[in-house]
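Only one structure is covered here, and it is reproduced in the block below.
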Amino acid sequence: MYWGGNPAECHPRHFTKYTIMQKSKFLPRGRKDRTMVLVDIRETKSANAADIFLQIKPGKDFELITILRAMIKDEYVADEQINATGLTRETLDDLIRRMKAAKFGCMFFGMGLSMTRGKHMNSAALLMLAAEMNAFTKFVAMPMRGHGNVTGADVIMRWQTGYPFGISFNRGYPRYNPGEFSTVDVLVRGDCDAAFIIGADPGGTMPQPAIDHLKRIPTIVLDPHITHTSALARVHITTAPQGIAAPGTAYRMDELPMPLKPALKSPYPSDEEVVRRINEAIARKPFWLPDGSQPQMLTRQV
Amino acid sequence: MSLSVINNATCTFCGCVCDDIQLHHDEMRIHKANKACVLGTAWFLNHTAEKKYPMALIDGREASLDDAIEMAATLLHEADMPLVYGMSNTTCEAQKECVALADQLGGLLDSHTSL
Ligand code: SF4
């Protein structure tokens with residue numbers, strides 16, 4: 001089941017490599033042994049690949065997931081509530097019958113679910129639906145991640161700090177609070193007084209008030225290209241593109257780490273090298289506590 | 001001219017991170033990316049080893065890498081609440097250095113995930 005995503009155009013090899021086309025020991029006929037459902041508000045190219053396409057009304061994802069959660073448990077749902085999502089009771093009955101009859105269901109959800117009305121509450125609801133489906137059969141859910149190595153960023157931050165994103169170190173230890181420490185909010189409120197941007201281009205994607213704040217404060221950009229953000233930054237450093245000229249590791253969206261095999265030798269240094277050298281340069285300056293002293297817990301262990 | 005071939009290279013353009021790409025390259029640019037999809041092919045073929053941009057820019061003017069690193073360190077060190085953001089199009093090794101940077105600065109750390 002793909003929910004609010006368009007893999008045919010955004011993750012072109014997802015179908016063929018991972019989900020519906022592969023033949024396997026238990027599904028020897030590949031595509032013919034699988035059922036693909038697509039839930040979206042408009043008919044994208046991915047709908048051509050789907051067996052069942054459910055076109056729902058915009059902003060009704062949370063309602064539909066909640067209705068499904070009730071209906072799999074045979075709880076009462078009124079017709080008006082179902083119709084408000086743009087679907088009919090017959091469609092949902094058929095869907096639930098197929099979901100329960102499946103041996104192994106997998107839901108992939110995209111930004112059409114996690115970035116529209118309801119946001120992370122939508123994702124949470126879908127994860128609940130997947131969890132509750134396990135009373136009947138095996139079911140899992142996974143987000144469709146874009147941009148290369150965002151998954152790696154989650155994994156590395158979780159490993160190093162215990163939290164996946166939206167972290168503050170201003171008390172000397174990591175604290176997690178999305179909404180307070182997440183970048184858009186921080187920038188729109190004007191909380192930070194310097195920004196270090198790596199492998200991203202907020203100058204092209206973020207809301208205008210956030211961009212305005214990046215212009216006001218000293219911004220430092222590391223990128224293989226001169227980006228929108230570089231144009232408003234105090235410092236831009238060109239780095240080698242990962243996987244093409246810079247070696248390293250990248251995580252696949254199912255959290256499998258993959259080694260990179262760079263083909264080219266870049267005239268530019270890698271991100272890793274530049275950030276490490278910035279770290280070393282900062283370490284030579286006094287620590288940020290008012291008297292420059294470093295707390296005991298942060299000193300190097302011997 | 002013969003091209004060198006790299007088997008099972010990894011594409012990092014989208015979250016699929018396909019690791020079965022065959023790259024044909026001549027050190028300067030990649031000429032062919034077998035098995036990659038349209039997006040992946042564009043990603044591989046659009047990057048070259050040419051020096052298209054200056055090493056670094058400070059206030060829009062060309063600068064040396066050493067000066068830019070020193071300037072970045074100074075600006076970040078002077079700030080009370082620096083933000084370290086992004087980390088999508090970069091390697092795990094660089095991401096680890098970024099966590100260390102935010103930790104050392106006592107700053108904020110965030111990725112695309114929060115959007
Ligand atoms: S080859 Fe295509 S599907 Fe595979 S990682 Fe690259 S862009 Fe994504």
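In what follows, every chain begins at residue 1, and chains take the letters A, B, ... in the order their sequences are listed. Computed from a predicted model, the values in this text were never measured in an experiment.
Here the CG atom belonging to B:Leu57 is positioned 6.5 Å from the OG1 atom belonging to A:Thr238, to the nearest 0.5 angstrom. For the atom pair CG of A:Leu222 and SG of B:Cys98, the computed distance is 8.0 Å after rounding to the nearest 0.5 Å. Rounding to the nearest 0.5 angstrom, the gap separating the CG atom in B:Leu105 from the CZ atom in A:Phe287 is 9.0 Å. Note that the NZ atom of A:Lys17 and the SG atom of B:Cys16 stand 8.0 Å from one another [nearest 0.5 Å]. One distance of note links CG of B:Asp59 with NE2 of A:His236; it measures 13.5 Å at 0.5 Å rounding. Rounding to the nearest 0.5 Å places OH of B:Tyr53 at 11.5 Å from OG1 of A:Thr239.
Among the candidates B:Val38, B:Ile21, B:Leu76, the residue making the largest number of heavy-atom pairs closer than 4.5 Å to chain A is B:Leu76. The greatest number of non-hydrogen atom pairs below 4.5 Å with chain B, out of A:Ala194, A:Ala195, A:Pro269, A:Gly248, is found for A:Ala194. Chain A forms the most heavy-atom pairs under 4.5 Å with one residue out of B:His77, B:Lys52, B:Met87, B:His25, and that residue is B:His77. Top candidate by heavy-atom pairs under 4.5 Å with chain A, chosen from B:Ser4, B:Gly107, B:Ala68, B:Gly86, is B:Gly107. Across A:Thr16, A:Asp154, A:Thr151, the residue that shares the most heavy-atom pairs under 4.5 angstrom with chain B is A:Asp154. Here A:Gly166 is the residue among A:Ser266, A:Ala246, A:Pro257, A:Gly166 with the most heavy-atom pairs under 4.5 Å with chain B. When each of A:Ile220, A:Leu264, A:Ile167 is checked for heavy-atom pairs under 4.5 Å with chain B, A:Leu264 comes out on top. In terms of non-hydrogen atom pairs under 4.5 Å with chain A, the most contact-rich of B:Glu78, B:Met55, B:Met71, B:Arg61 is B:Met55. Your options are B:Asp20, B:Leu65, B:Thr74, and the one with the most heavy-atom pairs under 4.5 Å with chain A is B:Asp20. Listed options B:Ala49, B:Ala79, B:Cys92 were ranked by heavy-atom pairs under 4.5 angstrom with chain A; first place goes to B:Cys92.
Between the side chains of B:Thr12 and A:Asn149, not a single donor N or O lies within less than 3.5 Å of an accepting N or O. Side-chain contact of A:Glu272 with B:Thr91: a donor-acceptor pair under 3.5 Å is absent, judged by distance alone.
Heavy atoms only, all atoms of each residue included: B:Ile6 and A:Lys261 are closest at CG2-CD, 4.0 Å. Closest non-hydrogen pair, A:Ser168 versus B:Leu108, comes out as CB-CD2, 3.6 Å. A:Val235 approaches B:Ala72 most closely through the heavy-atom pair CG2-N, 4.5 Å. The two residues B:Pro54 and A:Tyr268 have their closest heavy-atom pair at O-CE2, 4.1 Å.
Only the backbone of A:Pro259 has a heavy atom closer than 4.5 Å to any heavy atom of chain B. For A:Asp193, the parts lying near chain B are the backbone and the side chain together; criterion is any non-hydrogen pair under 4.5 Å. Interface residue A:Asp191: only backbone heavy atoms are found under 4.5 Å from chain B. For A:Pro267, the parts lying near chain B are the backbone and the side chain together; criterion is any non-hydrogen pair under 4.5 Å. For a residue to count as touching a neighbouring chain, one of its non-hydrogen atoms must lie under 4.5 Å from one of that chain's; by this rule B:Asn46 does not touch chain A. Only the backbone of B:Phe13 comes within contact range of chain A, with at least one heavy atom under 4.5 Å from a heavy atom of that chain. Of the atoms belonging to B:Thr48, it is backbone heavy atoms, and not side-chain ones, that fall under 4.5 Å from chain A. Proximity to chain B is limited to the side chain of A:Val186, based on heavy atoms less than 4.5 angstrom apart. Neither the backbone nor the side chain of A:Ala245 comes within contact range of chain B, judged by heavy atoms closer than 4.5 Å. For a residue to count as touching a neighbouring chain, one of its non-hydrogen atoms must lie under 4.5 Å from one of that chain's; by this rule B:Leu23 touches chain A with the side chain only. With a threshold of 4.5 angstrom between heavy atoms, A:Ile282 approaches chain B through its backbone and through its side chain. If you measure heavy-atom distances from A:Ile197 to chain B, the contacts under 4.5 Å come from both the backbone and the side chain. In this structure, chain B has no heavy atom under 4.5 Å from any part of A:Ala231. A:Glu9 touches chain B through its backbone: at least one of N, CA, C or O sits under 4.5 Å from a heavy atom, while the side chain does not. For chain B, the nearby parts of A:Thr249 are the backbone and the side chain; heavy atoms of each come within less than 4.5 Å. For a residue to count as touching a neighbouring chain, one of its non-hydrogen atoms must lie under 4.5 Å from one of that chain's; by this rule B:Ile58 touches chain A with backbone and side chain alike. The parts of A:Tyr251 that come within reach of chain B are both its backbone and its side chain, each placing non-hydrogen atoms under 4.5 angstrom from that chain. Looking at B:Asp67, neither its backbone nor its side chain comes within 4.5 Å of chain A, counting heavy atoms on both sides. Only the side chain of A:Arg284 comes within contact range of chain B, judged by heavy atoms closer than 4.5 Å. Looking at A:Pro262, the atoms closer than 4.5 Å to chain B (heavy atoms on both sides) all sit in the backbone: N, CA, C or O. Heavy-atom distances place both the backbone and the side chain of B:Ile69 under 4.5 Å from chain A.
Looking only at side-chain heavy atoms (C-beta outward), B:Trp43 and A:Ile244 come within less than 4.5 Å of each other. Taking the side chain as every heavy atom from C-beta outward, B:Asp110 and A:Phe181 never approach each other to under 4.5 Å. For the pair B:Leu101/A:Phe196, a side-chain contact is recorded, criterion being any heavy-atom separation below 4.5 Å from C-beta on. Contact annotation: the side chain of B:Lys96 approaches that of A:Trp159 to within less than 4.5 Å [non-hydrogen atoms, C-beta and beyond]. The shortest distance between side-chain heavy atoms of B:Leu83 and A:Leu187 falls below 4.5 Å.
Applying the salt bridge (Lys or Arg N to Asp or Glu O under 4.0 Å) definition to pairs two or more places apart or across chains, those involving residues 27-42 of chain B are B:Arg29-B:Glu50.
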Inset, instruction - Kindly indicate, with the supporting measurements, whether the criterion side chain to side chain contact (heavy atoms under 4.5 Å, CB included) is fulfilled by A:Phe169 and B:Gln104. - result: CA-CA 8 Å; A:Phe169 283 101; B:Gln104 157 158 264; over 6 Å; no

Inset, instruction - Before giving the answer on side chain to side chain contact (heavy atoms under 4.5 Å, CB included), spell out for B:Gln95 and A:Ile198 the whole-Å C-alpha distance, their side-chain angles and the decisive distance to 0.1 Å. - result: CA-CA 9 Å; B:Gln95 288 163 349; A:Ile198 173 169; over 6 Å; no

Legend entry - Stepwise side chain to side chain contact (heavy atoms under 4.5 Å, CB included) test for B:Val17 and A:Met253: CA-CA 8 Å; B:Val17 189; A:Met253 62 166 97; over 6 Å; no

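Taking the six-membered ring for Trp and thresholds of 30 and 60 degrees, A:His225 and B:His47 have ring planes inclined between 30 and 60 degrees apart.
Exactly one residue among B:Cys14, B:Cys11, B:Cys18 makes a side chain to side chain contact (heavy atoms under 4.5 Å, CB included) with A:Arg13. That residue is B:Cys18.
Taking a cutoff of 4.0 Å between a charged side-chain nitrogen and a carboxylate oxygen, A:Arg252 and B:Asp19 do not qualify as a salt bridge.
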